[in-house]
Every structure is written in C-alpha cells, then in structure tokens.
Amino acid sequence: MNIKKIQTNNPEETFDFGKKLGESVEKGTVITLIGDLGVGKTVFTQGLAKGLGIEGPINSPTFTIVQIYEEGRIPLYHFDVYRIGDISEMDEIGYEDYFYGEGVCLIEWANLIEEILPEHYTQVVIEKDLSQGLDYRLITVTQI
Ligand code: ADP
Ligand code: MG
C-alpha cells in the first residue's frame, strides 16, 4: 500500500492538488473521496476536473447518482452516493460500465458502497486539524 500525505493551507492549494492529479490520471482509475461536510471535497473535485480539461462548473450530482463530463481528455464520472438507499441502486445505473470503463470515476461518500468497490482504487481522505488553523487540510492519498 502506497500512502502519500499532502498538507494545504488554503482552497487554491487543494484545487491545485486535484488539478495535478487530473493532469496525470489514467483511464480506468477509480478515486474515492472521503471527508466531512465543508472539508473541501468539491474544491478538490473542481481541480481534478480542471486538470482533465473540463471547463465549466462541476455540480454535485444531487438528483442523479452519477454526473458525466465528456469534454475533457478522458471522461469524468462523478458519483455522489450520499443519498443512496440500497446498493441495488448502483446496479440500476449500471455502475460497472463506469467503474471498469474508459474514464475516471470520482466517488464521494464511497464508504457507503464499500462492498462493490473494485480491487484497486485511489483513496483520497481530506481532514481538518483545527490546531493547525481554520484553513489547514491534510490530504491522504492511499493506493489500494
Ligand atoms: P465539501 O464539498 O467537502 O462539503 P467544499 O469544497 O464545498 O466542501 O467547501 C470547502 C470550504 O472550505 C470552502 O468554502 C473553501 O473555501 C474552504 N477551505 C478553506 N481552506 C481550505 C483548504 N485548505 N482546502 C479546501 N477548502 C478550503
Ligand atoms: Mg461538496
């Protein structure tokens, strides 16, 4: 298991970290994104999208489980499974076509669908540490 830790001190640094990942990520990669509300998941996702060459805003897929962006270097499949009631909802949308497809999957709240995650994925955890200041974030990237 390969673990990398990055510390950021403002939203721009978190955005830039996402952007760098977006510039280098390969198709077929599944990225899980874990962190409390307001920690910076959307900031990171916007950066990732920018790095993939996607212009325009990324909105959280509130009413659909997955939002598809195809204008970048490779497709981005942005999942938010926070409101999922049952794992069968993932079957209904045909998640395997995305997880094992030609794009990058970014899955927010992936801990809720742990049993269907692929064998290998990139886990991104974003955490605050208030003792380091309000805008400090620790980003831990683990290759699983
Ligand atoms: P989430 O999607 O996890 O709920 P958002 O990305 O929407 O969170 O919001 C994160 C908030 O925290 C934004 O208002 C952002 O400006 C702020 N923020 C402060 N410091 C950082 C940092 N180091 N990295 C990311 N966001 C930060
Ligand atoms: Mg968000």
### Query
Quick one: CG on D80 to OG1 on T45, what's the gap to the nearest 0.5 Å?
9.5 Å
### Query
Listed by chain and number, what are the side-chain contact (heavy atoms from CB on, under 4.5 Å) partners of L37, not counting sequence neighbours?
none
### Query
Would a hydrophobic clustering, with Ile, Leu, Val, Met, Phe, Trp and Tyr connected at side-chain separations under 4.5 Å, put V39 with I6?
yes
### Query
Taking only residues two or more places apart in sequence, or in another chain, which ones meet Y136 in a ring-ring contact (aromatic ring centres under 6.0 Å, His included)?
none
### Query
Ignoring hydrogens and geometry, is there a side-chain-to-backbone donor-acceptor pair from D86 to E89 under 3.5 Å?
no
### Task
Quick one: list whatever passes side-chain hydrogen bond (donor to acceptor under 3.5 Å, both in side chains) with T142, sequence neighbours left out.
none
#### Entry: Partner set under ring-ring contact (aromatic ring centres under 6.0 Å, His included) for F15, not counting sequence neighbours
none
### Task
For K50, enumerate each residue passing the salt bridge (Lys or Arg N to Asp or Glu O under 4.0 Å) test, keeping only those at least two apart in sequence or located in another chain.
E55
### Task
Verify the cluster assignment for I58 and I74: are they in a single hydrophobic cluster under the rule of side-chain heavy atoms below 4.5 Å apart?
yes
### Task
Measure the spacing between CD1 of I68 and SG of C105 and express it to the nearest 0.5 Å.
9.5 Å
### Task
Using the rule that two of Ile, Leu, Val, Met, Phe, Trp, Tyr join whenever any of their side-chain heavy atoms come within less than 4.5 Å, decide whether V141 and L106 are in one cluster.
yes
Show me the side-chain donor-acceptor pairs of residues 17-28 shorter than 3.5 Å, one per line, residues at least two apart or across chains.
from : atom 1 : to   : atom 2 : distance (Å)
S24  : OG     : K20  : O      : 3.3
S24  : OG     : L21  : O      : 3.4
K27  : NZ     : E102 : OE1    : 2.9

### Query
Hey, any chance I139 and V104 share a hydrophobic cluster, counting ILVMFWY side chains that come within less than 4.5 Å of each other, even indirectly?
yes
## Note on the structure
Here the gap from I31 atom CD1 to H78 atom NE2, rounded to the nearest 0.5 Å, amounts to 10.5 Å
### Message
To the nearest 0.5 Å, what is the distance between CH2 on W109 and CZ on R83?
### Response
10.0 Å
### Task
In sequence, state the C-alpha distance, the side-chain angles, and the governing distance for E108 and V81, and then conclude on side chain to side chain contact (heavy atoms under 4.5 Å, CB included).
CA-CA 6 Å; E108 299 196 40; V81 299; over 6 Å; no
### Message
Heavy-atom count check: over 12 atoms from other residues, nucleotides or ligands less than 6.0 Å from Y100 OH?
### Response
yes
#### Entry: All pairs passing side-chain hydrogen bond (donor to acceptor under 3.5 Å, both in side chains) where residues 90-99 contributes a residue, at least two apart
none
#### Entry: Residue list, side-chain hydrogen bond (donor to acceptor under 3.5 Å, both in side chains) with T14, at least two apart or on another chain
T8
#### Entry: From I34 atom CD1 to K41 atom NZ, the distance as rounded to the nearest 0.5 Å
9.0 Å
Side-chain donor-acceptor pairs of residues 110-126 under 3.5 Å, sequence neighbours excluded:
from : atom 1 : to   : atom 2 : distance (Å)
H120 : ND1    : I144 : O      : 3.3
T122 : OG1    : Q143 : OE1    : 2.9

### Query
Between the side chain of K4 and the main-chain N/O of T140, is any donor-acceptor distance below 3.5 Å?
no
### Message
Test question: given the 4.5 Å side-chain rule for I, L, V, M, F, W and Y, name all other residues clustered with L130, or answer none.
### Response
L134
### Message
For the CG atom of L48 and the CG atom of L76, what is their distance to the nearest 0.5 Å?
### Response
6.0 Å
### Message
Test: salt bridge (charged side-chain N to carboxylate O under 4.0 Å, His left out). Region: residues 120-144. Which pairs qualify, not counting sequence neighbours?
### Response
none
### Message
Are Y77 and Y69 connected into the same hydrophobic cluster when the rule is that any two of I, L, V, M, F, W, Y join if their side-chain heavy atoms are below 4.5 Å apart?
### Response
no
### Message
If the condition is side-chain hydrogen bond (donor to acceptor under 3.5 Å, both in side chains), which residues does N2 pass it with, not counting sequence neighbours?
### Response
none
### Query
When the ring planes of F99 and F79 are compared, do they come out parallel, tilted or perpendicular, using 30° and 60° as the limits?
perpendicular
